[in-house]
Number of protein chains: 2
Amino acid sequence: MTSELIPAEFRGNLGFLVAKAKQLLSDELDVALRDSGLQIRHFAVLSLIRRRAGLRQTDLCEVLGVDRTTMVKVVDDLEGAGLLRREPHAADRRAHALQLTEAGEQWHSRTLVPVMDHEQQFLAPLSPGERALLQEMLTRLVDSALVRSADQKLARHP
Amino acid sequence: MTSELIPAEFRGNLGFLVAKAKQLLSDELDVALRDSGLQIRHFAVLSLIRRRAGLRQTDLCEVLGVDRTTMVKVVDDLEGAGLLRREPHAADRRAHALQLTEAGEQWHSRTLVPVMDHEQQFLAPLSPGERALLQEMLTRLVDSALVRSADQKLARHP
DNA sequence: CCATATGATCAGTTTTGCTGATCATATGGC
DNA sequence: GCCATATGATCAGCAAAACTGATCATATGG
């Protein structure tokens, strides 16, 4: 038995399901981040830099699918909040090597807790095995779509 | 062996995977709709009305998670393009009963082909059984999150 | 060493979504 | 039946968001 909340014509439509899942997940996350004044992308940027200190802004743009001029603003915000620093990049003097500050590390750690909580709540209807399967399948789909997209880009710029 | 396109710290993050999948799917769809001058939401509205003639604009807003003032514009666009009509609603004279025109039916049928093609291409890395499983799991997650969200709304307005 | 490409930034514009108001009608208590 | 309140649709105007094109500094490959 299923509720009436998902229209029948969209139950079989992956695009709708994925878009709706994204909407629900990011609305929840937005609420969790509200009082910090930051957005999901700010959190994502900190997550990336935390694991790979020294990333350039362009690297973040590529991974997150964000425009470079938009990323300037995002990094401005984070630097203004004292959560990261733009440091000189060892290998390229045009670029910045982004580094978390101590406050950035702490904020990220602290914020990770409710973020993971929300994700777990969302995943509650699945068994642990199903969760692993879902993750694996999504990874496979996204990875393969990214490869295809990169190939197309290469084909246009030979 | 996996490519480097998904950062390791995000492979286990459902939010990132879902957001990325949505980004990839809707970018493809945008391209497919480009020459029509319409967007994904226009297509979604036509899909809904086609199955359930007589829906009101508010009904569409709820299902699609779109603001009511935004929906006015979307329906304006579709009516202007001759794809649907606002007809008087039998049970509520404030509301419009939305109906596809003949042109709307045709455009939807024609557009459905590339839309489904893109979805199939995206799903290519999964076996038929896996696709069914993915769809079922996503439906379960979205449905349950919608129920939770509706409960919270009820709790605020007792 | 020069031509071209790339990283970052900024000003200015376009696009988008939303707020709050308005009008018409509906609904529920009395 | 009547009024208070809620709801559907619309609009004008505002505010945030994203993009365009330019600029400057530096890198890279021939």
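Just so it is clear, the values below take in all heavy atoms, side chains as well, and ignore hydrogens, waters and symmetry mates. Note on naming: letters A, B, ... go to the chains in the order of the sequence lines (proteins, then strands), and numbering restarts at 1 for each one.
- Looking at A:Arg148 and A:Asp151, no side-chain N of the basic residue comes within less than 4.0 Å of a carboxylate O on the acidic one, giving no salt bridge.
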Pairing annotation in dot-bracket form, given for DNA chain D with Watson-Crick or G-U pairs under 3.5 Å and | for cross-strand partners: ||||||||||||||||||||||||||||||
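- Atom P of nucleotide C:dG17 and atom CG of A:Asp30 are separated by 15 Å, given to the nearest angstrom.
- Ionic pairing of A:Glu79 and A:Arg85 is not present here: no N-O contact between side-chain nitrogen and carboxylate oxygen is shorter than 4.0 angstrom.
- Between A:Arg11 and B:Asp143 no salt bridge is recorded (no basic side-chain N to carboxylate O distance below 4.0 Å).
- Contact check for A:Leu17 versus B:Thr139: side-chain heavy atoms found under the 4.5 Å cut-off.
- At whole-Å resolution of the value, CZ in B:Arg93 and C1' in C:dT27 are 15 Å apart.
- In this structure, B:Glu136 places its CD atom where more than 12 heavy-atom neighbours from other residues, nucleotides or ligands lie under 6.0 Å away.
- By the 4.0 Å N-to-carboxylate-O rule, A:Lys73 lies close enough to A:Asp77 to be salt-bridged with it.
- Atoms CG (A:Asp27) and P (C:dC18) sit 10 Å apart, rounded to a whole Å.
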Can you check each nucleotide of nucleotides 3-16 of chain D against protein heavy atoms at under 4.0 Å and return B for base, S for sugar-phosphate only, - for none, in 5' to 3' order? ---BBSSBB-----
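- Using a cut-off of 4.0 Å between Lys/Arg side-chain N and Asp/Glu carboxylate O, A:Asp27 and A:Lys22 are scored as not salt-bridged.
- The existence of a salt bridge linking A:Arg56 and A:Asp59 is confirmed by a sub-4.0 Å separation between a basic side-chain nitrogen and an acidic carboxylate oxygen.
- In this structure, A:Ile40 atom CD1 and D:dA18 atom P are separated by 12 Å, rounded to whole Å.
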